[in-house]
Structures are given as C-alpha cells and as structure tokens.
There are 2 protein chains.
Amino acid sequence: MANATRRRNVGQISGESIVIEAAWMYYNDGLNQSEISQKLKVSRATVVNYLQEARARGYIRISLAPEVFTGHQLAQDLREKFGLKAAFVLPGGNCSEEERLMRVARGAADWLPSLLNPGDRLGVAWGRTVYEVAEAVEQVKMDDVTVSQLVGSMATPYGFTAEICSAHMAQNLGAKCINLHAPAVLSDPVLAAKLRQEPIIRAQLDALSHCNKAIFAAGSCDPDSHIVSSHVASDKDLDWYVKQGATGVLCGRFIDAQGQPIPGELDDHMIGITLDKLLGLDVGLLVSDGASKVAPMLAAIAGGYVTHVVTSNETAQMLLDAAS
Amino acid sequence: MANATRRRNVGQISGESIVIEAAWMYYNDGLNQSEISQKLKVSRATVVNYLQEARARGYIRISLAPEVFTGHQLAQDLREKFGLKAAFVLPGGNCSEEERLMRVARGAADWLPSLLNPGDRLGVAWGRTVYEVAEAVEQVKMDDVTVSQLVGSMATPYGFTAEICSAHMAQNLGAKCINLHAPAVLSDPVLAAKLRQEPIIRAQLDALSHCNKAIFAAGSCDPDSHIVSSHVASDKDLDWYVKQGATGVLCGRFIDAQGQPIPGELDDHMIGITLDKLLGLDVGLLVSDGASKVAPMLAAIAGGYVTHVVTSNETAQMLLDAAS
DNA sequence: GGATCACTTTGACAATTGTCAGCCCTGCGT
DNA sequence: ACGCAGGGCTGACAATTGTCAAAGTGATCC
C-alpha cells in the first residue's frame with residue numbers, strides 16, 4: 001500500500017493532488033463535472049470519483065453559518081430575556097423528540113469549537129445530551145484545551161457515563177483530558193469523604209475549580225429521569241428532593257426553581273463539582289431540548305449557571321412563554 | 001418589507017426559518033430534495049428555491065480543508081527549507097498565469113482569516129496580487145482587527161492602489177482601517193520629509209510600527225513591473241537599482257538577493273513603511289506566484305520578512321529548485 | 001368589489017450528478 | 001510467459017437537481 005505504484009492519470013498533474021485539483025475546480029471555480037473532465041482529460045465518471053474521494057477524506061467542509069442560529073429572532077429574545085451572552089436556536093420542525101435532540105446536540109457540537117480558545121479548561125458534565133454532543137463534535141485540533149470530567153462515574157445502563165462523555169469530547173476536540181477516577185455516588189458518606197481526600201482525587205477535584213468554561217444539560221425530576229435510571233438517586237431520593245422543591249438537576253445536584261442547590265443527603269455521597277463552582281464562568285453552555293426540560297432549564301438559568309444556550313425552536317418558544 | 005406579511009407556507013414552521021430548516025435537512029441530515037419536500041409538504045421545486053436562497057444568503061459555507069494546502073509535500077518542503085511557520089500551496093494545474101494568480105489570491109483570502117486573532121493589526125501592502133486577495137476575502141466579522149495601509153497611494157493605472165487594497169481588505173474583514181493619506185512617492189524629498197512630519201501622517205506612520213502582522217507580495221524588477229507602470233519608480237530608477245543588485249521589490253522598496261534594502265535616492269521620496277519594521281512580525285504573509293516572482297520571493301524570504309507563504313504548486317517547485 | 005402588484009409556489013422539462021458492471025492497465029507469483 | 005489480483009478508469013443508464021413559464025395568493029389601492 002505504502003509504496004505501491006499508483007498511476008492516477010500518468011503524465012498529468014503530480015498525481016495524488018489531482019483529487020484536490022478537481023475539488024478546487026468544482027467548489028471554488030464553480031466548474032461542473034463535464035468541464036472538469038475536459039480540463040483534466042479524464043472521463044466525467046472519474047471526476048465523480050475524485051470528488052467523492054475528496055469528500056470522503058474530509059477535504060470538503062460544508063457547514064451552516066452559525067450566525068443564522070444565534071442571530072434570528074428567538075435566539076435574540078432568549079438572549080435578552082435571560083441575560084445570556086448568546087443563544088443558538090435550531091430548527092426542530094416536525095421532528096420527533098429524539099430527532100430534535102440529535103439536532104440540538106449536533107448544533108452544539110458545531111458551535112462549541114468557536115466558543116473555545118487556547119488555554120481554556122472545559123468542564124464536561126454527563127447525560128444523554130452531553131454524550132451526543134461529544135459524539136457529534138467534528139475532529140478538530142484545538143491547541144491547548146483541557147477537558148475535565150465534572151462529576152464522577154456512574155452505572156448508567158446506556159453507555160453515557162461521565163467518563164465517556166468527557167473522554168470522547170476530549171478525543172474529538174484534540175484536547176487533553178482529566179478524568180475523575182471515582183464513582184459519582186458512594187453508599188457511605190464517610191467513604192466518600194475519605195475518597196475526596198485521596199491525593200489523586202483531590203488533585204482532580206482541584207482541577208475542576210480552574211475550569212473557565214463548562215458544558216452541561218438540564219436534567220428533569222421526572223421519575224423516568226436519567227438521574228434515577230443511572231442510580232445516582234433512588235426513587236425515594238427523588239421524591240424527597242421534589243418535595244423540597246427540586247425543579248431540575250444540574251451536574252447531579254438538585255436545584256429549585258430559582259436555581260439554588262437543595263441541600264440534602266446526597267451531597268455527602270457524591271463526588272463531583274459543586275454548583276457554586278459553576279457560577280461566574282466565561283461560558284456556561286446549557287444544551288437541552290424538550291418540553292420536560294423547560295422547567296429545569298429555567299431553573300438553571302435562574303441560578304446564574306448559564307451564559308450560552310443551545311436548544312430547538314420549539315423549546316426556545318416554550319422557555320419564552322413560560323417566563324413571560 | 002419590515003412588517004409586510006410573508007406567507008411562506010402558512011401554518012407550518014415559523015415561516016422565515018423554513019429556509020434554514022430545508023438547508024439543515026439537506027446539508028446536515030443528508031436528505032435529498034424529494035424527501036425534504038415531503039416532510040415540508042411543499043413541491044420539490046420549492047425546496048430548490050429554499051436551498052438557493054440559503055446559499056445566496058450565505059447560510060451555507062463550503063470550503064476546502066486548509067490542512068490540504070498546508071499539509072502536503074511541497075508545503076512541508078517549503079516550510080523546512082526556508083524556515084517558515086507555514087506554507088499554503090495551491091494546485092495550479094494547467095492554468096494560465098492569470099488563472100493561477102487568481103487561485104493563489106483566493107487561497108490566501110481563504111487562509112487569512114484563520115491567521116488573524118482579535119487585537120491584531122494587519123499591515124496591507126499593495127499591488128495586483130494583494131488587491132485580488134482583498135477582493136477575494138469572504139465577508140466575515142473579525143472582532144477587533146485593524147488594517148493599516150503600509151505605503152502611500154500611487155497613480156497606478158489599474159485601480160489597485162494601496163488605499164484601495166487596504167480599504168477593501170478592511171471592508172471584507174469587518175475590520176477598522178487606518179489609511180495613509182499621502183502619496184507613496186513625492187518628487188521632492190524635502191516635501192516628503194515635511195509631509196512625514198505632519199501630525200496626521202506622522203500618527204499614521206506611527207501606527208504602522210504597531211502592526212504585528214502583514215500581507216504583501218514580492219514585486220519583480222522587470223521593466224514591465226508594476227513598480228514602474230505605477231510611477232513609483234522610473235525606468236531610470238529601476239535600471240540604477242538593478243545595477244546595485246536589486247532582485248525584488250517589497251512594499252515599494254528595492255531589495256537585493258539577500259533581502260537587504262538597497263539604499264538609494266527613492267528612499268527620501270517615499271512615504272510608507274520601512275523594511276526594518278517588517279522584521280520580526282508574528283505573521284509576514286507573502287502571496288505571490290509565477291516564474292518572474294521566484295527570485296523576488298527568494299529575496300524576501302532571505303531577508304527574513306516572511307513567515308508564511310501562499311503560492312502555487314508550480315512556483316513552489318521553482319522556489320525549491322532554485323534554492324537547492 | 002375588483003384590479004393590481006409583488007411575491008411564492010408549482011409542474012414539466014433540461015441539465016447535472018451518481019451508480020455500476022466491465023475494461024484496462026500494472027505488478028506479482030508460478 | 002502466463003494467469004491472476006487489484007486498483008483506476010470508463011460508458012451507459014439511473015437518480016437527483018436546476019430552470020422557467022405559468023398559476024396561485026394575499027395585501028393594497030382605487
């Protein structure tokens with residue numbers, strides 16, 4: 001393979017770059033395939049092959065202009081009403097909740113790299129949404145970015161543990177990754193406290209304090225919420241917190257409608273970032289979608305954790321309506 | 001217009017954003033136009049219209065991956081041989097000199113925004129090549145970038161004066177623009193000196209010292225060079241400088257094969273940046289192409305003014321051959 | 001009301017692009 | 001030499017996409 005002699009249109013252009021030549025003519029010069037095939041003296045079918053190869057190798061970048069999603073009316077309304085730095089509102093038209101979630105995740109993934117600068121430390125939460133964002137991020141080379149896992153790992157049956165979320169995110173961003181090698185929840189608060197004092201864990205938790213940006217989703221307090229199915233909280237815990245006024249979940253912590261953390265038993269059992277650390281970040285990126293997330297999102301925003309939001313048309317409208 | 005009631009598929013998605021919806025489905029979800037027309041419940045022809053509108057409005061960004069041009073063999077060879085930070089080598093295959101120049105200009109225009117950061121001050125030289133680059137830059141919003149005109153204005157018959165080059169560049173980059181409101185060459189050195197002392201001109205010249213990046217082309221010393229046809233130098237001047245060893249022209253100044261400025265009468269007549277100010281920049285972007293530019297480019301590189309190069313395949317090869 | 005205007009939408013047709021089986025080289029093993 | 005394998009190229013056909021003139025639709029002004 002390596003030194004196999006390729007022919008590729010002998011006597012023509014330097015050989016390997018004929019693919020690029022074709023791609024340039026097609027996408028930059030605006031020639032059609034027939035014209036290109038004439039110039040290159042190959043059949044049009046070959047030009048098709050070249051173009052496909054160019055696309056397959058990722059030479060061609062096609063993207064929708066981000067301004068479209070941050071600039072339109074709903075996005076501006078969100079920004080003004082909630083005092084955000086920016087909002088990214090995607091068309092969700094007619095899709096199922098599932099499809100909408102994927103779109104929102106993809107939108108966040110497209111937007112995220114432009115929110116990061118060299119030297120940044122990005123905290124990554126966990127959950128289905130965050131996982132899909134991590135997966136959807138296009139491989140790019142972000143110089144000097146560090147990704148940190150915001151909460152410990154859990155036994156979610158779906159494969160989107162906090163570890164995997166942060167690892168994939170770092171992988172696709174070409175960033176360094178600091179994982180938190182501990183469970184998110186321990187049955188014994190004493191053990192949890194001891195673990196927090198372990199030098200390795202302690203260092204990792206310290207690192208979290210230095211994050212200047214974070215990406216997270218808002219979790220709902222429904223009985224079928226992932227916080228229960230991932231065994232972070234039991235049904236009993238959930239009931240208790242809801243009685244205390246829990247409206248949403250952020251990084252594994254329950255918050256009330258004003259976004260204030262609700263102190264409770266779980267705090268002592270958990271290993272992960274505390275919510276006060278999420279205040280005052282350069283970027284607090286909330287990615288969530290769906291009717292069930294409206295109240296949690298509002299709570300997170302009210303708590304001041306959020307500077308940027310990614311969501312769909314529909315959810316944006318619900319947020320605005322609910323807050324009017 | 002503002003409050004005119006648009007119909008656009010009444011009862012469907014919020015109306016204006018149906019274009020975005022269609023674009024998303026087409027480019028992100030990979031659906032074809034028929035599928036989209038079904039989902040959106042419009043005819044396929046309408047979908048075509050939506051997509052065209054999206055493209056016309058610039059919602060769709062298509063670009064060739066820059067790594068292709070900075071990564072391939074010739075670019076790496078250039079970088080190593082001349083100690084550059086990066087080189088951008090475009091396919092020039094089979095084109096006329098004119099077409100190659102346009103490609104190189106376009107390549108530079110595509111690359112330039114990614115070389116700029118907030119706070120940068122970009123010095124812009126003049127000439128046919130620089131003009132084409134300025135024209136080819138896609139309208140983007142670069143926050144907090146300032147463009148400075150590196151040399152005074154001249155009576156070129158072709159419309160690419162230094163003023164126009166820098167103004168268009170700033171325009172398309174969405175940057176501020178500092179023009180140099182003075183002729184590049186004055187017949188009287190005393191007058192030139194006086195003009196340099198004028199507060200406005202002086203301030204503008206001072207601003208040039210603060211540029212941290214610059215874009216320029218290498219000019220040749222042929223009798224049909226633009227430096228002559230634009231009346232910056234006379235034929236007699238040119239002859240004299242060539243006799244002194246002039247190999248190229250950079251920002252209106254003659255340099256020898258080692259890139260050293262050749263002191264001469266013209267210096268006192270000129271208003272514009274001096275070459276020592278171009279040393280040690282974060283980015284010195286040389287954009288040039290063609291056989292006649294090979295020697296001037298080598299001279300500019302030898303002089304240490306250049307950190308980044310944009311050129312074609314063919315010229316890159318000539319540079320490497322000539323320097324081997 | 002109805003004529004007009006500016007606009008979007010549409011169906012039928014034209015052009016462009018994608019697919020695929022088979023050909024034609026070249027290198028390699030027998 | 002010969003046959004084989006594999007990659008690249010091609011022509012004919014299929015699918016997708018673009019064009020354009022005509023028709024529809026609400027708003028606005030007699």
For this session: Respond yes when some side-chain nitrogen or oxygen of A:Q52 is under 4.0 Å from OP1 or OP2 of C:dT17, and no when none is.
Result: no
Problem set entry | For atom CG of A:L40 and atom P of D:dG8, their distance in whole Å | 16 Å
Exercise. Does A:Q33 put a side-chain nitrogen or oxygen below 4.0 Å from OP1 or OP2 of C:dA15?
Worked result: no
Problem set entry | Whole angstrom value for the distance that separates C1' of D:dT17 from CG of B:L51 | 10 Å
Problem set entry | Salt-bridge criterion met for A:E99 and A:R106 (N-O under 4.0 Å) | no
Exercise. A:F69 versus A:V89: any side-chain heavy-atom pair under 4.5 Å?
Worked result: no
Exercise. When you check the phosphate oxygens OP1 and OP2 of D:dT10, does a side-chain N or O of A:T46 lie under 4.0 Å from one of them?
Worked result: yes
Problem set entry | Sub-4.5 Å side-chain heavy-atom contact between A:N32 and A:E35 | yes
Exercise. Starting at CD1 of A:I60 and ending at P of C:dT17, how long is that distance when rounded to a whole Å?
Worked result: 14 Å
Exercise. Are A:Y26 and C:dT17 close enough that a side-chain N or O sits under 4.0 Å from OP1 or OP2?
Worked result: yes
Exercise. For D:dG18, does OP1 or OP2 lie under 4.0 Å from any side-chain N or O of B:R55?
Worked result: yes
Problem set entry | Among B:Y131, B:W126, B:F160, ring-ring contact (aromatic ring centres under 6.0 Å, His included) partner for B:H226 | B:F160
For this session: Return the value, rounded to whole Å, for the distance between atom CD of A:E53 and atom P of C:dG18.
Result: 15 Å
Problem set entry | Pair A:S34-A:S37, side chain to side chain donor-acceptor pair (under 3.5 Å): steps then yes or no | CA-CA 5 Å; A:S34 308; A:S37 69; 5.3 Å; no
Problem set entry | Distance, rounded to the nearest Å, where A:Y50 contributes OH and C:dG18 contributes P | 16 Å
Problem set entry | Protein-nucleotide distance (B:N32, atom CG; D:dG18, atom C1'), rounded to Å | 14 Å
Problem set entry | Whole-Å distance separating the CZ atom of B:R44 from the C1' atom of C:dT16 | 12 Å
For this session: Please report, rounded to the nearest Å, how far the C1' atom of C:dT16 is from the CD atom of A:E35.
Result: 11 Å
Exercise. Of the nucleotides D:dA12, D:dG18, C:dT10, which one has an atom closest to the side chain of B:V48?
Worked result: D:dG18
